[in-house]
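Side-chain atoms are counted along with the backbone in the values below, which use heavy atoms only and exclude waters and symmetry mates. If you're wondering where the values come from, they're calculated on a predicted model, not measured in any experiment. The sequence lines fix the lettering, A, B, ..., with proteins before strands; numbering per chain opens at 1.
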There are 2 protein chains.
Amino acid sequence: MYVARAGLTPDRLAQAGAELADEIGFEKVTASALARHFGVQVASLYSHVRNTHDLKVRIGTLALAEMAGNAATALAGRSGRDALAALGNVYRDYARAHPGRYAAAQIRFTPEEAATTAGPRLSEMTRAVLRGYDLNDEDQVHAVRLLGSIFHGFVSLEQGGSFDHSTPASEQSWIRILDSLDATLRTWPCQ
Amino acid sequence: MYVARAGLTPDRLAQAGAELADEIGFEKVTASALARHFGVQVASLYSHVRNTHDLKVRIGTLALAEMAGNAATALAGRSGRDALAALGNVYRDYARAHPGRYAAAQIRFTPEEAATTAGPRLSEMTRAVLRGYDLNDEDQVHAVRLLGSIFHGFVSLEQGGSFDHSTPASEQSWIRILDSLDATLRTWPCQ
DNA sequence: ACGTTTGCCTAAACCCTTTAGGCAAAGGAA
DNA sequence: TTCCTTTGCCTAAAGGGTTTAGGCAAACGT
């Protein structure tokens with residue numbers, strides 16, 4: 001016995017799941033919680049998503065797409081250290097504004113899932129930053145991996161509170177790290 | 001109706017949980033799975049750990065202690081780039097050999113939990129590496145955070161398969177990244 | 001041998017996931 | 001409009017995982 005249709009769709013579930021993730025934590029986003037949010041029975045969700053893993057993949061995909069979009073905007077008209085900082089801040093700001101979504105973006109995708117996400121677009125943004133530095137093709141791969149490691153590592157540790165119990169504030173370290181990364185990329189071919 | 005006591009203790013549960021985590025994944029380590037492993041009823045575990053979060057914290061603590069121990073061994077008699085690579089390889093090798101334990105070490109500890117873990121000991125190992133470079137106190141904090149970010153970020157992305165779909169092998173990037181990190185630390189004060 | 005402590009048990013309540021099958025609303029065609 | 005099809009959400013039920021309460025018997029100190 002119900003009043004009206006809730007209008008569920010896979011995208012709407014992913015969107016609501018993303019919002020819920022930011023509020024209560026990605027690992028607490030369950031089919032039950034989402035069903036409560038829409039005021040429907042849990043089983044109803046299964047007409048729109050295959051299972052909870054499917055739901056989580058959709059949330060992660062949404063997050064990656066948002067990050068790639070933010071990156072495209074942030075990188076427009078920037079190059080060099082400016083672009084480097086802009087991309088780093090996309091990661092960091094996104095993780096701070098949307099911790100649940102950021103966590104969702106870190107789930108392990110299968111190869112076919114990964115191909116359909118905006119992950120490749122985000123890699124492309126990283127390569128765009130590196131165009132401001134003089135790297136050959138192989139070094140560019142290493143540099144993409146270096147940037148990904150630092151951005152993800154820093155954001156992940158900062159998010160986990162690892163930097164909370166020492167001074168100065170992590171902001172200071174972030175600036176210094178961007179500086180040193182810029183220096184590294186400028187002198188990379190010298191190795 | 002049972003035959004003999006299983007000899008459960010908090011430490012034994014954490015140890016078995018750690019092994020289970022490496023076999024089936026940390027997120028699949030449940031009280032149920034652990035009880036099955038020991039051939040006891042699920043409720044029996046609750047005499048030894050408060051709840052599943054307590055169990056996970058114990059597994060994470062065990063992992064951090066093992067990593068800190070490995071680091072102490074690896075750093076003995078090394079300095080400079082040699083020590084840097086040794087510490088990085090402790091992270092990387094541990095994550096590869098014990099993915100479940102490594103995941104357990106990443107859970108968010110409360111401040112009082114964090115104080116009792118080997119996390120501080122691992123930070124101390126990082127500072128030991130930095131003694132081979134000429135950094136003032138504040139720069140040392142930034143450098144500790146940089147090392148933590150890179151090591152954790154690289155290992156985490158490599159573990160997640162992010163480097164699987166491009167060449168060359170991640171091993172090459174790892175070496176280049178250690179090299180550039182060494183160069184960064186050697187010239188850090190020049191900024 | 002005896003009392004106390006300790007370890008594991010059964011039972012039960014609660015929540016989350018997933019599948020199967022059903023009814024009624026929405027939407028298209030005559 | 002009426003009829004038919006599709007679609008959306010429902011109920012029901014089975015299967016796990018978590019956690020608490022209370023009980024019995026083994027282990028242990030004396």
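Contacts of B/Arg127 classified as salt bridge (charged side-chain N to carboxylate O under 4.0 Å, His left out), with partners at least two apart in sequence or in another chain: B/Glu124. Partners of A/Ser149 by side chain to side chain contact (heavy atoms under 4.5 Å, CB included), not counting sequence neighbours, listed by chain and number: B/Phe154, B/Leu157, B/Phe163. Applying the side chain to side chain contact (heavy atoms under 4.5 Å, CB included) criterion to B/Asp182, with sequence neighbours excluded, gives B/Arg81, B/Leu84, B/Tyr133, B/Arg186. For A/Arg108, there are no salt bridge (charged side-chain N to carboxylate O under 4.0 Å, His left out) partners, not counting sequence neighbours.
For residues 79-117 of chain A, the set of pairs meeting the ring-ring contact (aromatic ring centres under 6.0 Å, His included) definition, not counting sequence neighbours, comprises A/Tyr91-A/Phe151, A/Tyr94-A/His98. Listed by first and then second residue, the side chain to side chain donor-acceptor pair (under 3.5 Å) pairs that reach into residues 30-54 of chain A are A/Asp54-A/Arg58, sequence neighbours excluded. Sorted by first and then second residue, the salt bridge (charged side-chain N to carboxylate O under 4.0 Å, His left out) pairs with a member in residues 60-78 of chain A read A/Glu66-A/Arg101, A/Arg78-A/Asp82; sequence neighbours excluded.
Of the residues in residues 36-59 of chain B, those with a non-hydrogen atom less than 4.0 angstrom from any atom of DNA chain D are B/Arg36, B/Val42, B/Ala43, B/Tyr46, B/Asn51, B/Thr52. Taking a 4.0 Å limit (strictly below) on heavy-atom distances, residues 12-31 of chain A does not reach DNA chain D anywhere.
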